[in-house]
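Just so you know, these numbers use all the heavy atoms, side chains as well, and skip hydrogens, waters and symmetry mates.
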Amino acid sequence: MSQKKANTDGKIPTKYLLPKFSLTIKVVVGFYLLYTSYELMDGVVGGEGRDKYLLGAFMIGFAVAGILLIFLSGRALLQGRYVGGALDAGDEEDGSPEIPAGGAAETDEGTETAASGQETGRKQE
């Protein structure tokens with residue numbers, strides 16, 4: 001993680017963080033890749049000719065990818081580098097105004113406009 005993305009207190013803006021669910025899925029996929037690598041071992045040991053080397057290459061590739069996914073995503077989960085985690089600084093850095101959950105923002109004229117730009121109603125004065 002580069003220093004440009006982190007605040008002075010070490011916290012990271014939300015726009016640079018993944019959701020906790022995504023990190024958890026990455027850890028599960030990493031374990032699945034390790035399992036697949038282990039299952040390919042029978043083909044490497046009992047294989048003949050080119051199959052042995054091809055399965056060996058896939059076994060090594062799956063193992064390395066699985067270990068990296070587990071290590072990097074697991075570390076991010078444990079350190080709290082996810083949306084809502086301990087290192088989440090929130091959205092105060094980007095300077096954009098907050099839009100209500102309904103997707104409508106109130107303008108100066110007193111009208112509400114939807115995200116598509118169409119007028120949805122007027123405020124009573």
Side-chain angles (χ1 to χ4, degrees):
M1 183 93 6
S2 70
Q3 293 292 15
K4 293 178 187 176
K5 294 180 183 176
N7 292 342
T8 56
D9 60 354
K11 294 196 176 199
I12 304 165
T14 301
K15 65 181 178 179
Y16 295 115
L17 297 174
L18 291 173
K20 187 176 183 180
F21 182 74
S22 294
L23 291 173
T24 306
I25 292 296
K26 284 184 177 186
V27 170
V28 171
V29 167
F31 278 113
Y32 179 72
L33 285 173
L34 279 179
Y35 169 75
T36 304
S37 174
Y38 176 75
E39 290 296 316
L40 286 174
M41 196 176 301
D42 289 338
V44 172
V45 173
E48 297 178 8
R50 285 192 198 167
D51 291 342
K52 186 176 193 174
Y53 299 112
L54 184 65
L55 289 175
F58 277 109
M59 184 181 83
I60 291 170
F62 286 166
V64 169
I67 290 170
L68 282 175
L69 276 173
I70 293 169
F71 177 73
L72 295 175
S73 299
R75 184 177 65 173
L77 278 172
L78 292 175
Q79 291 177 349
R81 281 190 288 152
Y82 53 86
V83 176
L87 294 180
D88 187 5
D91 287 332
E92 67 267 359
E93 282 208 70
D94 60 358
S96 62
E98 288 197 25
I99 298 175
E106 192 170 320
T107 61
D108 292 336
E109 295 86 32
T111 60
E112 291 182 11
T113 55
S116 65
Q118 298 174 342
E119 189 174 317
T120 58
R122 293 207 176 261
K123 220 178 178 184
Q124 295 293 329
E125 292 187 26

Which ILVMFWY residues can you reach from [X] by hopping between side chains whose heavy atoms are under 4.5 Å apart?
| X | answer |
| --- | --- |
| V28 | none |
| F71 | L72 |
| V64 | I60, L68 |

To the nearest 0.5 Å, what is the distance between CD1 on I25 and CG on L69? 11.5 Å
Please tabulate, one pair per line, all N/O donor-acceptor pairs under 3.5 Å involving side-chain atoms of residues 29-49, not counting sequence neighbours.
| from | atom 1 | to | atom 2 | distance (Å) |
| --- | --- | --- | --- | --- |
| T36 | OG1 | Y32 | O | 2.9 |
| S37 | OG | M59 | O | 2.8 |

